[in-house]
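Lettering follows sequence order; numbering is per chain, from 1.
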There are 2 protein chains.
Amino acid sequence: MKSNFELPIETVPLSELVRRGELLSADCPSREVLKHVTSRWGVLVLMVLLDEKTCRFSDLRRKVDGVSEKMLAQTLQWLAADGFVVRTSYDVVPPHVDYRLTPLGDEVARQVSSLADWIEVNLSRILSARTEPANASGHV
Amino acid sequence: MKSNFELPIETVPLSELVRRGELLSADCPSREVLKHVTSRWGVLVLMVLLDEKTCRFSDLRRKVDGVSEKMLAQTLQWLAADGFVVRTSYDVVPPHVDYRLTPLGDEVARQVSSLADWIEVNLSRILSARTEPANASGHV
DNA sequence: CAGTATCCAACGCGATACTG
DNA sequence: CAGTATCGCGTTGGATACTG
């Protein structure tokens with residue numbers, strides 16, 4: 001049986017939309033998208049592209065501290081395959097390739113960056129909460 | 001040299017805050033937080049807890065389709081250690097344990113859910129964009 | 001019910017080397 | 001510059017079995 005995941009949203013019964021049932025089901029394609037977007041390097045690449053508008057491969061390598069060539073390439077391929085990023089190669093020597101967000105990618109990037117910003121802004125609150133005994137060991 | 005990551009935000013030089021430099025540096029503690037929050041099951045657990053207010057272990061297992069006991073336990077420990085989730089155990093037989101968001105956890109959960117909602121709402125747009133030839137193969 | 005412990009398979013991911 | 005190819009280790013993470 002084919003699920004209604006790939007149907008236009010308007011044709012999906014409203015009852016199945018009311019509350020997120022999609023991501024919670026293991027076989028929903030949205031799990032894949034979520035995986036790419038929230039992957040270790042996916043988040044950071046989207047953040048950078050949102051700021052920079054357009055970036056070369058080596059720019060991204062430098063900005064995203066710690067990423068290897070392999071993982072950067074793979075991450076960019078995922079994001080491109082999902083329609084979030086466009087790759088443009090200029091036919092010159094030495095090679096020149098640009099990456100930029102699509103309109104769709106711009107939207108996810110904003111979501112992701114919003115989360116990232118929250119973490120950065122609240123980092124000290126989080127680190128404080130961390131060291132606490134985690135409480136709740138006290139039985140009720 | 002100790003970085004200023006753990007200092008209260010007010011004491012950090014403004015120049016280092018202007019644009020997110022934290023998550024982009026490999027050794028920033030925020031990377032860890034991001035990892036927990038955007039982990040495969042972390043996202044889904046936060047979503048459920050945001051909706052349900054309070055949940056038992058087995059509730060979460062059932063709602064988060066596909067998660068194993070091991071990974072659910074580990075994810076909850078991460079989120080609890082970061083101060084996003086509280087674990088409350090009632091001393092009865094059979095055992096009864098509740099999980100709920102802290103105020104801090106509520107804030108991240110909203111961020112994460114916002115991203116998740118975006119994906120669910122735009123899934124059909126994404127799946128459409130996916131099949132396209134990814135364009136950009138055309139040299140410029 | 002709410003986990004922990006153990007084993008093991010899959011793969012995420014970095015290091016290195018090579019190519020157009 | 002912008003990658004791909006290959007190797008290999010460490011971690012992730014599922015399945016199963018056991019415990020308070």
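Applying the 4.0 Å criterion to OP1 and OP2 of D/dC1, one finds that A/Tyr99 has every side-chain N and O outside that range. Between D/dT12 and B/Lys35, a contact under 4.0 Å exists linking OP1 or OP2 to a side-chain N or O. Considering only side-chain N and O atoms, B/Gln77 lies nowhere under 4.0 angstrom from the phosphate OP1 or OP2 of C/dG3. Within the 4.0 Å cut-off from OP1 or OP2 of D/dG3, at least one side-chain nitrogen or oxygen of A/Arg87 is found. Here A/Arg40 does not reach the OP1 or OP2 of C/dG12: none of its side-chain N or O atoms lies under 4.0 Å away. Close to C/dC1, at under 4.0 Å from its OP1 or OP2, lies no side-chain N or O of B/Arg56. Between A/Ser58 and D/dA2, a side-chain N or O to OP1/OP2 separation shorter than 4.0 Å is present.
When the nearest nucleotides of DNA chain D are assigned to B/Lys70 and A/Arg62 by heavy-atom distance, the more 5′-ward of the two goes with A/Arg62. Nearer to the 5' terminus of DNA chain D, by closest-nucleotide assignment, is the contact made by A/Asp98 (compared with the other of A/Asp98 and B/Ser68). A residue-by-residue look at A/Trp78 and A/Pro94 shows that A/Trp78 has its nearest nucleotide of DNA chain C further toward the 5' end.
With D/dG14, D/dG20, C/dG20 as the candidates, the nucleotide lying closest to the side chain of B/Pro95 is D/dG20. Checking C/dG14, C/dT4, D/dG3 against the side-chain heavy atoms of B/Glu69 singles out C/dT4 as nearest. When distances are taken from the side chain of B/Met71 to each of C/dG14, C/dG3, D/dG14, the shortest belongs to D/dG14.
The two atoms that bring B/Leu50 and B/Ala109 nearest to each other are CD2-O, 3.8 Å, heavy atoms only.
Rounding to whole angstrom units, CD of residue B/Glu32 and P of D/dT11 are separated by 12 Å. With rounding to whole Å, B/Leu76 atom CG is found 11 Å from C/dG3 atom C1'. The interatomic distance linking A/Leu60 (CG) with D/dC1 (C1') rounds to 13 Å, in whole Å. Between B/Gln74 atom CD and D/dG14 atom C1' the separation is 12 Å, expressed in whole Å. For the pair A/Arg61 CZ and D/dT4 C1', the interatomic distance rounds to 14 Å; values are reported in whole Å. A/His96 has its NE2 atom 17 Å from the C1' atom of C/dG20, to the nearest Å.
Relative ring orientation between A/Trp78 and A/His36 is described as parallel, the plane-to-plane angle staying below 30° on a 0-90° scale split at 30° and 60°. Ring geometry for A/Phe84 versus B/Trp118: interplanar angle of 30 to 60°, hence tilted.
A salt bridge links A/Asp59 with A/Arg62: the distance from a Lys NZ or Arg NE/NH1/NH2 to an Asp or Glu carboxylate oxygen falls below 4.0 Å.
Atom CD of B/Glu107 is separated from atom CG of A/Leu115 by 12.0 Å, given to the nearest 0.5 angstrom.
If you check D/dG20 for Watson-Crick or wobble pairing at under 3.5 angstrom, you find it paired to C/dC1.
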